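Values in this document were obtained by computation on a predicted structure and should not be read as measured data. Order of the sequence lines sets the chain letters (A, B, ...), proteins ahead of strands, with each chain counted from 1.
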There are 2 protein chains.
Amino acid sequence: MTIKDVARYCGVSVSTVSRVLNNHPDVSKQVRARVQEAIATLHYVPNKSARDLVAAPMNAIGVVIRGSGNPFFTPIINAMDEEADKHDCTLISELISDRDNEISAAAEFVRSKRLKGIIFLGGRFDYTQDEIASIGVPFVCCTFDNQFGDLDESSFSSVSIDDAAEALKATEFLLEHGHRKIAILLDSVDSNSVGALRYSGYCAALKDAGVPVDCDLVVQTGGFSMSSAYDETLALLGRRPDVSAIFSISDSMAVAAMKAISDLGRRVPEDVSVIAIDGIESSLYTVPTLTTLCQPQQTFGKTAVQVLMGVLNDGAQNEHLRLETTLRVGGTVGSR
Amino acid sequence: MTIKDVARYCGVSVSTVSRVLNNHPDVSKQVRARVQEAIATLHYVPNKSARDLVAAPMNAIGVVIRGSGNPFFTPIINAMDEEADKHDCTLISELISDRDNEISAAAEFVRSKRLKGIIFLGGRFDYTQDEIASIGVPFVCCTFDNQFGDLDESSFSSVSIDDAAEALKATEFLLEHGHRKIAILLDSVDSNSVGALRYSGYCAALKDAGVPVDCDLVVQTGGFSMSSAYDETLALLGRRPDVSAIFSISDSMAVAAMKAISDLGRRVPEDVSVIAIDGIESSLYTVPTLTTLCQPQQTFGKTAVQVLMGVLNDGAQNEHLRLETTLRVGGTVGSR
DNA sequence: ATGAAAGCGCTAACAT
DNA sequence: ATGTTAGCGCTTTCAT
């Protein structure tokens with residue numbers, strides 16, 4: 001069932017069918033009606049790939065998302081959608097799995113949809129100048145930057161927080177509340193990723209306070225799953241009952257940690273305090289409410305699009321924006 | 001930058017380039033190397049739309065997902081991926097937004113990717129025979145069925161739970177624990193959707209127990225958001241302090257309800273009991289653990305693919321499978 | 001207002 | 001082993 005079949009069916013040319021398909025004006029009322037009826041009865045649906053190939057050079061940008069289920073991304077994506085609309089621009093999203101390479105995914109995406117630009121949501125921090133060359137359009141890293149790669153600053157944009165500085169803030173908050181035995185819950189200290197950055201902030205805060213880093217309190221879960229965060233917190237509290245506070249690099253891991261603390265018969269924050277970074281929706285509903293440094297999720301989405309549109313339409317330079325978090329004081333940090 | 005450019009660049013024909021692109025054997029070592037080098041230096045990336053158009057008639061099925069951020073879907077999608085692999089079949093996923101029509105999205109999707117079949121994850125319960133005609137390939141509704149539409153049973157498959165029966169079970173569980181003032185937290189009673197189905201099970205259970213349905217205890221939030229569930233629970237407990245238990249039609253709404261209960265200075269389960277249906281990961285980490293009827297998420301994904309493959313490859317009939325939930329006894333239901 | 005024809009980028013016969 | 005050619009389904013000049 002192609003456009004040809006429809007054309008043949010009602011005895012017109014394919015161009016006529018194409019015209020009614022695309023709402024072009026110069027088609028007689030009768031013919032238009034006839035074609036539309038044919039389309040309906042034949043259940044004809046145009047082939048998007050064929051359309052994309054010919055490509056009305058639309059105004060479209062894409063977002064490549066790694067980790068569909070990540071609740072942290074949801075508000076960001078919504079904000080992107082909204083902002084793209086304001087710029088009369090279509091935002092097309094492409095989901096990739098953990099094993100996919102976001103660079104090649106983006107390159108393919110750009111070609112097949114003729115995208116003007118790309119936003120990455122959840123990507124590596126260590127791209128090389130060589131590998132990004134395949135992308136071919138301006139791009140912006142959203143919620144991360146290229147701290148471990150060799151990318152030229154002027155060759156791309158980013159919108160993110162200063163992970164080390166924010167982790168330092170979080171740790172300082174605990175220190176200010178009198179905590180000294182502060183554990184950190186993270187994926188890995190040498191992941192070339194957010195874990196490493198936030199770990200450095202944690203270390204810096206301790207150092208500033210004259211507290212030595214205790215390896216035993218550095219809990220590496222090997223990922224961001226709640227189950228491993230739970231297990232590792234259980235283990236931590238087992239071997240080190242003296243821990244008085246935990247800094248988790250993500251909200252969801254903090255939620256799992258809180259459960260582990262509770263399951264051991266300890267209380268948050270009376271026995272163990274918890275602080276994190278993220279500000280995902282569900283961390284509002286823990287009891288007590290999670291104290292966390294909220295990342296500006298909507299602003300991330302909005303700004304990422306704005307920066308991209310600036311480069312695309314106004315010939316602006318690439319830029320690297322660092323947004324700040326907002327401390328949300330919940331009830332998970334107590335004083336010592 | 002197209003395949004032609006690459007061909008011209010290294011003085012070969014496009015077919016030769018195409019051959020190395022697709023790893024065809026009959027290309028000399030030297031030429032292959034030369035082409036690969038050209039591809040690398042030119043940063044050439046094939047156009048997926050063009051490829052899809054010519055279509056190696058691959059073995060691919062698609063899943064149309066409404067609600068990217070839905071944590072309930074994550075394990076289901078992973079299971080689908082795995083199962084598709086086992087059948088030497090590629091699963092391609094397509095995200096759609098709330099305002100999109102999943103039927104037309106699927107129809108387009110099928111055409112452009114030449115899909116053999118489709119799975120719907122999160123769709124309407126009231127399709128008409130006419131509108132599904134455009135899909136053109138076998139499809140299966142995953143986690144829902146067509147209870148409010150007029151679809152012929154033999155024209156599609158479904159894998160779901162019996163929503164009314166499960167809601168009845170949940171409500172009965174509360175009744176068995178001595179509760180009589182049982183509120184229900186749902187999106188809407190007449191949504192032509194899961195809310196309506198589970199509401200009917202709730203009513204049936206009350207009726208069986210001789211407990212009249214109290215309209216005041218039917219809390220309609222107009223959606224599935226945590227924030228409205230929180231607000232409405234606050235309102236409920238304000239106007240009806242005698243409520244002793246809440247049946248929430250989803251885990252995430254239950255989590256929000258628990259927070260509302262706690263914020264009012266009441267305790268779960270001593271003052272108010274909570275039960276739900278879903279079994280999402282995060283409901284394992286509430287304190288106390290949410291008591292809920294866990295839907296068989298992995299089995300949903302796996303079975304949906306199996307059913308589709310059966311229809312596709314083995315000429316099996318369409319079927320409508322009803323899976324059962326598993327009661328997970330957490331700590332949110334107490335006795336009266 | 002309508003049709004004919006070229007071509008988007010690619011793959012796959014079919015030559016050679 | 002490599003090149004030539006005919007489409008895939010569609011949009012879009014350019015005629016008429």
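- One can place CZ of A:Arg19 at 11 Å from C1' of D:dA15, the figure rounded to the nearest angstrom.
- Below 30°, between 30° and 60°, or above 60°: for A:Phe125 and A:Phe144 the angle between ring planes is between 30° and 60°, a tilted geometry.
- Applying the 3.5 Å distance criterion, the base of C:dA12 shares no donor-acceptor pair with the side chain of B:Ser18.
- Here the C1' atom of nucleotide D:dG9 and the CG atom of A:Asn22 are 13 Å apart, to the nearest Å.
- B:Ala50 and B:Val54 get closest at one heavy-atom pair: O-CG2, 3.0 Å.
- Contacts of residues 30-37 of chain A with DNA chain C (heavy atom under 4.0 Å): A:Val31.
- As rounded to whole Å, 14 Å separates atom C1' of C:dC10 from atom CG of A:Asn47.
- Distances shown here put every side-chain N or O of B:Ser13 at or beyond 4.0 Å from the OP1 or OP2 atom of D:dT2.
- No side-chain N or O of B:Ser160 forms a donor-acceptor pair with one of B:Ser158 less than 3.5 Å apart.
- Using a distance-only test at 3.5 Å, with no hydrogens or angles considered, a donor-acceptor pair links the side chain of B:Glu102 to the main chain of B:Arg124.
- Phosphate proximity of D:dT11 to A:His24: absent, as no side-chain N or O sits under 4.0 Å from OP1 or OP2.
- Residue side chain A:Ser28 does not reach the base of C:dT2 through any donor-acceptor N/O pair under 3.5 Å, judged by distance alone.
- Counting to the nearest Å, the P atom of D:dG9 and the CZ atom of A:Arg8 are 11 Å from each other.
- What separates CG of B:Asp52 from P of C:dC8 is a distance of 19 Å, to the nearest Å.
- Taking the six-membered ring for Trp and thresholds of 30 and 60 degrees, A:Phe139 and A:Phe120 have ring planes more than 60 degrees apart, a perpendicular arrangement.
- In terms of heavy atoms, B:Ser134 sits closest to B:Arg111 at O-NH2, 2.9 Å.
- A:Thr2 has no side-chain polar atom (N or O) that falls below the 4.0 Å cut-off from OP1 or OP2 of D:dG9.
- Residues A:Asp152 and A:Ser154 have side chains that bring a donor and an acceptor to within less than 3.5 angstrom of each other.
- Per the geometry, CG belonging to A:Leu53 stands 14 Å off C1' belonging to D:dT12, to the nearest Å.
- Between the side chains of A:Asp100 and A:Ser97, at least one donor N or O lies within less than 3.5 Å of an accepting N or O.
- The minimum heavy-atom distance between A:Val311 and A:Ser157, with the atom names listed, is CG2-OG, 4.2 Å.
- For the pair B:Asp26 CG and D:dT2 C1', the interatomic distance rounds to 9 Å; values are reported in whole Å.
- Across the helix from C:dA1-D:dT16 to C:dT16-D:dA1, the helix axis at one end is tilted relative to the axis at the other end by 40° (nearest 10 degrees, each axis from five pairs).
- Each of A:Lys4 and A:Ser15 lies near DNA chain D, and the nucleotide nearest A:Lys4 is the one positioned closer to the 5' end.
- In this entry the distance linking CG of A:Leu21 with C1' of D:dT11 reads 10 Å, nearest Å.
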